[in-house]
Enquirer: 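This is the structure, below, for whatever I ask next.
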Amino acid sequence: MPPAADERISTLSAVSLDPSPETVTSLVRRVKIMTLKLLPVEVPPDSISDPTSRIITPQVINAYIDAAGDFMEALPYCLLRARKEFMWEANHNPADYGENYARATACEVLARRVVHQVPPEQISAVMSSRFRHKEVDGDVSGRVSALEMAIDSHCTIFLSSSEAQDVVKDLWCGRTVQVYDDDGDISFIPYSEVTYDGFWSHLDPGRLGVPRYQNIFRIAVWFLFLFSYSQAVREPLDKLDREHKDLDGWEVVMYVLALAFSLEDCLLTAAFVLRVGGIASTGDQAANLRLRSFQCLSCAAPLLWFVGTMQICVARMLKESGFFFCLLALLGIGFLQGLYALDAADGQTDHPTEILNVLIQALLQAPNYEMFNPSPLGMTMYYLWNVATAVILLNVLISLFSSAYEDVVEDAAAERVHLPPPFNIIEIFLVVPFEFFVSDQTYAKINRYVMSVVFFVPLCMIALYESQLDPSKNRWVKDWFSSPDEGGEDAPHFQDPEVEGADAARGLKISKKPFQELVAAFPDTTHSSEAVIIGEVKELKSEIAELKRMIAKLSARVG
């Protein structure tokens, strides 16, 4: 007999078989054909994603697993790739949008159900193994894993699974790390030293690339930058001496950090240039440049406090508001020309900038109606401008901002892994120059030694946490932060617990009846009501057919 689905999945190797792009493409096509056969017509997406769906049944899941042959490890990736192609077809063929969207949903649900059957020790390999496929133009795509494909395609059904969340948590905490091969491709492998308990085994500069520690370090550096900025902008109040030209200590810290952020803020760059120019000048020119420098610093304050997701959201919102500003510009030119012409009809005209000023004031919810009191027609046109901007255009802008915010928040958790500022300056000036004169192995050693010295204190903190305080490795810390046995794990010792201690000596038991006997009376919630009804109807039909045969035999004997 052929092995069951879970038995076949359990034979997956921890290391990817690395099928060729042609093989992966063939499997994607096979999956698409099967999905077209599964869903020839449009069905509600909710009936597909429902846990008791009558469409995505265990038999259907087994059929897809059988379709993968020896490449079951690539099946989740191929299903998500097929999902992406179905979504492309849905967006480019509105007439068949419903059918293709349902097929895309089915592929995503199937990918989640397949991963759910993978043994826990192999989930990370299945989710993070990277594959390539043949593109439409014949080129070979870059390597992408199932998890990366799900994130790029916003597969919320797949990403909300416990398996995907566990892999993401492993990447975030550094239990799974990325390494580069000779071709520059990224591979995700388990961090082997995480099983060691020694302090020195965790004193590894590579741990600085862990997203969790990167995030903590960037937040700490950013707060230091904000504090130094707040101290630097107070200097004109504390030091009123016009002859004071030297850079203050907090200014030095602020500008070093600003340089480390790779000129992310043009205002800080301008302030630094003006400040240096003031130091190099004399007399009134030096005082004037110094004043302009601190004015630039003051203007940078609103921008500096937008960090993380807020910064990404604002940038995306401004990008999405292009349509609004185009409509506003066209409408503004029309009203500006109309109001200027009405003003010129009496032979006396105001400057066009004055009319433009009142239009902008109206847009900012501060209209100036007194200017158009002498002209009823001008007042009417000004009313129309207020209605068009406040009621119509601003609501368009709000809807654009809302959609942009939703899109950004879904994917705002992506982390950039690199040497964090301000220590990237050390890397640029002390490490990078050696790249052109030494071998790759020597360069890696130099980089490692420099990072070990520069980051010795944070590395010690990381090593102390991972070797002694990590809840996943220390039972006393885990018990401190969480309640034991919370949630009831599906393990034999939880199913049929044994009584210990004094209660055991008294002959008391909890498991008088086996667990399987207790749950035998539970209803079967793995099938929908429709599936149960269909099964009962089929059983009834078979019984009626058997009854007919018995009646026919009885009639023949009597006759």
Enquirer: Under 4.0 Å between a side-chain nitrogen and a carboxylate oxygen: does that hold for Arg143 and Glu148?
Expert: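 No, no charged N to carboxylate O under 4.0 Å.
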
Enquirer: Do Leu159 and Leu147 have side chains that approach each other closer than 4.5 Å (heavy atoms only, starting at C-beta)?
Expert: yes

Enquirer: Are any non-hydrogen side-chain atoms of Ile56 and Asp50 less than 4.5 angstrom apart?
Expert: no

Enquirer: If only side-chain N and O atoms count, and only distance matters, is there a donor-acceptor pair under 3.5 Å linking Thr23 with Ser20?
Expert: yes

Enquirer: Please report the closest heavy-atom contact between Lys84 and Ser153, naming both atoms and the distance.
Expert: CD-OG, 3.9 Å

Enquirer: Which one of Lys553, Lys548, Glu546 satisfies the side-chain contact (heavy atoms from CB on, under 4.5 Å) criterion with Met550?
Expert: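 The side-chain contact (heavy atoms from CB on, under 4.5 Å) with Met550 is passed solely by Glu546 among Lys553, Lys548, Glu546.
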
Enquirer: Quick one, Lys541 with Val537, criterion side-chain contact (heavy atoms from CB on, under 4.5 Å). Give me CA distance, side-chain angles, the key distance, then yes/no.
Expert: CA-CA 6 Å; Lys541 288 175 65 177; Val537 170; 4.0 Å; yes

Enquirer: Taking all non-hydrogen atoms of both residues, which atom of Arg103 and which atom of Pro40 are closest, and how far apart?
Expert: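 Heavy-atom minimum between the residues: NH2-O, 3.5 Å.
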
Enquirer: Say you draw a straight line from CG of Leu38 to CD1 of Ile48; how long is it, rounded to the nearest 0.5 Å?
Expert: 8.0 Å

Enquirer: Nearest 0.5 Å, what's the CE-CG distance between Met34 and Leu110?
Expert: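 Those atoms lie 8.5 Å apart.
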
Enquirer: A side-chain contact here means heavy atoms from C-beta on lying under 4.5 Å apart; do Val126 and Tyr77 qualify?
Expert: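 The answer is no; the side chains never approach within 4.5 Å.
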
Enquirer: Go through the steps to decide whether Glu85 and Val28 satisfy the test side-chain contact (heavy atoms from CB on, under 4.5 Å), and finish with yes or no.
Expert: CA-CA 10 Å; Glu85 294 184 6; Val28 172; 4.0 Å; yes

Enquirer: Return the minimal non-hydrogen interatomic distance between Ser53 and Thr57, and the atom names on each side.
Expert: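 Result for this residue pair: O-CG2, 3.9 Å.
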
Enquirer: Just checking, any donor-acceptor pair under 3.5 angstrom between side chains of Arg81 and Thr25?
Expert: no

Enquirer: Evaluate the side-chain hydrogen bond (donor to acceptor under 3.5 Å, both in side chains) criterion for residues His133 and Ser141: first the C-alpha distance (whole Å), next the side-chain angles of each, then the deciding distance (0.1 Å), finally the verdict.
Expert: CA-CA 6 Å; His133 67 277; Ser141 68; 3.0 Å; yes

Enquirer: Which pair of heavy atoms, one from Ser542 and one from Glu539, lies closest together, and at what distance?
Expert: OG-O, 2.6 Å

Enquirer: Start with the C-alpha distance between Asp166 and Ile123, add both sets of side-chain angles, then the distance that settles side-chain contact (heavy atoms from CB on, under 4.5 Å), and finish with yes or no.
Expert: CA-CA 9 Å; Asp166 289 342; Ile123 288 178; 5.9 Å; no

Enquirer: Kindly indicate whether the side chain of Arg83, heavy atoms from C-beta on, has any atom under 4.5 Å from the side chain of Trp88.
Expert: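 Contact flag for Arg83/Trp88 side chains = no.
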
Enquirer: Looking only at heavy atoms, what is the nearest atom pair of Lys134 and Gly138, with distance?
Expert: NZ-O, 2.9 Å

Enquirer: Other residues, nucleotides and ligands only: do more than 12 of their heavy atoms fall within 6.0 Å of NZ on Lys32?
Expert: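 Above 12, so yes.
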
Enquirer: Are any of the side-chain heavy atoms of Leu39 and Glu99 separated by less than 4.5 Å?
Expert: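 Leu39 does not reach Glu99 side chain to side chain.
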
Enquirer: Just how far is it from atom NE2 of His116 to atom CZ of Arg112, taken to the nearest 0.5 Å?
Expert: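 The CZ atom of Arg112 is 8.5 Å from NE2 of His116, to the nearest 0.5 Å.
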
Enquirer: Do Pro76 and Leu80 make a side-chain contact, defined as non-hydrogen atoms from C-beta onward lying under 4.5 Å apart?
Expert: no

Enquirer: Can you give me the closest heavy-atom contact between Phe158 and Ala146, atom names plus distance?
Expert: CE2-O, 4.4 Å

Enquirer: Using side-chain contact (heavy atoms from CB on, under 4.5 Å), reason through Thr105 and Ile157 one step at a time and then give a plain yes or no.
Expert: CA-CA 9 Å; Thr105 304; Ile157 296 176; 4.1 Å; yes

Enquirer: Would you compute the distance between atom CD of Glu108 and atom CZ of Arg113 and round it to the nearest 0.5 angstrom?
Expert: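 Interatomic distance, Glu108 CD to Arg113 CZ, rounded to 0.5 Å: 11.0 Å.
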
Enquirer: Is the closest side-chain heavy-atom distance between Phe86 and Cys107 below 4.5 Å?
Expert: yes

Enquirer: For the atom pair SG (Cys78) and CE (Met149), what is the distance rounded to the nearest 0.5 Å?
Expert: 9.0 Å

Enquirer: Say whether Thr35 and Tyr64, considering side chains only, have a donor N or O and an acceptor N or O under 3.5 Å apart.
Expert: yes

Enquirer: Rounded to the nearest 0.5 Å, what separation is found between the NZ atom of Lys169 and the CZ atom of Arg212?
Expert: 9.0 Å

Enquirer: Where the side chain of Asn93 meets the backbone of Glu89, is there a donor-acceptor pair that is under 3.5 Å apart?
Expert: no

Enquirer: Any side-chain heavy atom of Ile65 within less than 4.5 Å of one from Gln117?
Expert: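 They are in side-chain contact.
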
Enquirer: Donor-acceptor pair, distance only, cut-off 3.5 Å: does the side chain of Asp139 make one with the backbone of Glu135?
Expert: no

